[in-house]
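Residue numbers run from 1 in the order of the sequence given.
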Amino acid sequence: ELRIGWDLLIDIDSKEFEYSRIVGALVVDALKFHGIENISKKFSGNHGFHIGVCFESFPKQVNNIPIKDFFPDGVRIVANYLKEMIREFVVSEILKKNSFEEIVAHSGKKKEDLLDKKGLFDPYKLVDIDSVLISSRHMFRGPYSINEKSGLVSIPTEDIRSFNREDAKIENVKFSKKFLDRELAIPGEASHLLIQALDWY
C-alpha cells in the first residue's frame, strides 16, 4: 500500500567478467533503443554489473492500472523481454571471443549443459541476468561498497564496454558519479519499454 513505484534493477553476473561486460553493454544498448537516456550502470565489485532505470522514468499508469501494481511481475517481464531481445547478439559476441569448444573447455561444463532445448548454444548458461529487488530478502551491493571476495569497490561507471577492473581498486576510486540519480530521471521515458515488454509477454 505504501509503494508508489519500482526501480528496474538488473543484475548481470558470470564467472567470466568479459561475458558480463558483453551482456551488460547489450542491455544498455537495448534500453537506449527504447528511448531511455537516464540509465545507471555500476560494476558489482566482482564479476558483474548492475543496470538500473529510476521508477520516475516509468509511466504513472498503463491501461488505467497504477504502475505500482505492476510489481513484481513488471520487473520480471521487462528483464525477460530484454534478455530475449539481445539473445542472438550475446551469442554472436561471445562466439567472436571464443569458439564453442573453447567455451566448453574453459567453463568446466559439459557440452550438453551449454545447449538449449533446440540444441543451440545458450549464452545464459554462462551469464545470469536477474531482476533484483523483487523480494524482501534480495538485496544488491550498494554503490562504493567493497566486495568482500574481490576487495574491489562497486563503482558507478559511464561506459560498460570500456570499464576496467583496475578502476575499482580502492586507491583508484573517484566519487564522481551517482547510481540511480533521480535528478536526471526523465518522466515517462521508459513507457515504450514497459509497453513493448508487456505486449511481448
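- Not a single donor-acceptor pair under 3.5 Å links the side chain of E16 to the backbone N or O of L126.
- A heavy-atom distance below 4.5 Å is not found between the side chains of V53 and L180.
- Proximity of a side-chain donor or acceptor of D113 to a complementary backbone N or O of K109 within less than 3.5 Å is not detected.
- More than 12 heavy-atom neighbours from other residues, nucleotides or ligands sit within 6.0 angstrom of CD on E148.
- Tracing side-chain contacts under 4.5 Å through hydrophobic residues (I, L, V, M, F, W, Y), one never reaches F55 starting from I77; they form parts of separate clusters.
- Annotation: E88, atom CD; neighbour count of heavy atoms from other residues, nucleotides and ligands within 6.0 Å does not exceed 12.
- Using a 4.5 Å cut-off on side-chain heavy atoms (C-beta onward), H50 and S44 make contact.
- Judged by distance alone, the side chain of N172 and the main-chain N or O of E166 form a donor-acceptor pair under 3.5 Å.
- In this structure, the side chains of K178 and P156 stay at 4.5 Å or more apart for every pair of heavy atoms.
- In terms of modelled atom types and a separation under 3.5 Å, the side chain of E189 and the main chain of E37 share a donor-acceptor contact.
- Distance OG/S14 to NZ/K125: 14.0 Å, rounded to 0.5 Å.
- Within the 3.5 Å criterion, the main-chain N or O of Y124 finds a donor-acceptor partner in the side chain of D122.
- Hydrophobic clustering, with ILVMFWY side chains joined whenever heavy atoms are under 4.5 angstrom apart, groups F71 together with Y201.
- N98 and Y19 share a donor-acceptor pair across their side chains, judged by distance under 3.5 Å alone.
- Looking only at distances, no side-chain donor or acceptor of N164 sits under 3.5 Å from a matching main-chain atom of D167.
- With a 6.0 Å radius and a threshold of 12 heavy atoms from other residues, nucleotides or ligands, F33 has its CZ atom at or below the threshold.
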Given side chain to side chain contact (heavy atoms under 4.5 Å, CB included), test V153 with F43 step by step and report yes or no. CA-CA 8 Å; V153 180; F43 173 55; over 6 Å; no
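- Distance CD/E158 to OG/S176: 9.0 Å, rounded to 0.5 Å.
- F49 has its ring centre less than 6.0 Å from the ring centre of F163.
- The structure places CZ of R182 at 8.5 Å from OG of S40, a figure rounded to the nearest 0.5 Å.
- S154 places no side-chain N or O within 3.5 Å of a backbone atom of S145 that could act as its donor or acceptor partner.
- Summarising the local packing, NZ of K68 is surrounded by more than 12 heavy atoms from other residues, nucleotides or ligands at distances under 6.0 Å.
- Transitive grouping of hydrophobic side chains (ILVMFWY, heavy atoms separated by less than 4.5 Å) keeps L95 and L120 in distinct clusters.
- Within 6.0 Å of atom CD in E171, more than 12 heavy atoms from other residues, nucleotides or ligands are found, so the atom counts as buried in its surroundings.
- Residues L115 and F100 are in side-chain contact: their nearest non-hydrogen atoms beyond the backbone lie under 4.5 Å apart.
- Residues L9 and V75 form no side-chain contact, since every pair of their non-hydrogen atoms from C-beta on lies 4.5 Å or further apart.
- Annotation: K60, atom NZ; neighbour count of heavy atoms from other residues, nucleotides and ligands within 6.0 Å does not exceed 12.
- The NZ atom of K42 sits 8.5 Å away from atom CG of D11, with the distance rounded to the nearest 0.5 Å.
- With values rounded to the nearest 0.5 angstrom, I94 atom CD1 is found 12.5 Å from S99 atom OG.
- Applying the 6.0 Å contact sphere to NE2 of H106 captures no more than 12 heavy atoms from other residues, nucleotides or ligands.
- Cation-pi geometry between R165 and F17 is met: under 6.0 angstrom from the ring centre, within 45 degrees of the axis.
- A donor-acceptor pair under 3.5 Å is absent between the side-chain atoms of E84 and the main chain of Y81, judged by distance alone.
- Taking hydrophobic clusters as Ile, Leu, Val, Met, Phe, Trp and Tyr residues chained together by side-chain heavy-atom distances below 4.5 Å, M85 shares a cluster with W200.
- Nearest heavy atom pair, residue L114 against residue S107, reads CD1-OG, 3.9 Å.
- With a 4.5 Å cut-off on side-chain heavy atoms, L82 and L31 count as touching.
- A single hydrophobic cluster is seen to contain both L193 and I65, as judged by linkage of ILVMFWY side chains at heavy-atom distances under 4.5 Å, directly or through other members.
- Note on R21 versus D159: no salt bridge recorded, every NZ/NE/NH1/NH2 to OD/OE distance being 4.0 Å or above.
- Classification of the F175-Y144 ring pair by plane angle, with boundaries at 30° and 60°, yields tilted.
- The distance from atom OG of S20 to atom NZ of K15, rounded to the nearest 0.5 Å, is 12.0 Å.
- In this structure, T157 contributes its side chain and K41 its backbone to no donor-acceptor pair below 3.5 Å.
- Using a 4.5 Å heavy-atom threshold, the side chains of D29 and V27 count as separate.
- Side-chain atoms of I155 and F179, non-hydrogen and from C-beta on, never get closer than 4.5 Å to each other.
- In this structure, the side chain of W6 engages the main chain of I67 through a donor-acceptor pair within 3.5 Å.
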Steps toward side chain to side chain contact (heavy atoms under 4.5 Å, CB included) verdict (C54, N38): CA-CA 8 Å; C54 296; N38 182 31; 4.1 Å; yes
Hey, mind stepping through D13 and D130 against side chain to side chain contact (heavy atoms under 4.5 Å, CB included) and telling me if it holds? CA-CA 8 Å; D13 194 30; D130 190 15; over 6 Å; no
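- Across all non-hydrogen atoms, the minimal contact from V62 to P59 is CG2-CG, 3.7 Å.
- Of the candidates V127, V28, I160, V23 forms a side chain to side chain contact (heavy atoms under 4.5 Å, CB included) with just one, namely V127.
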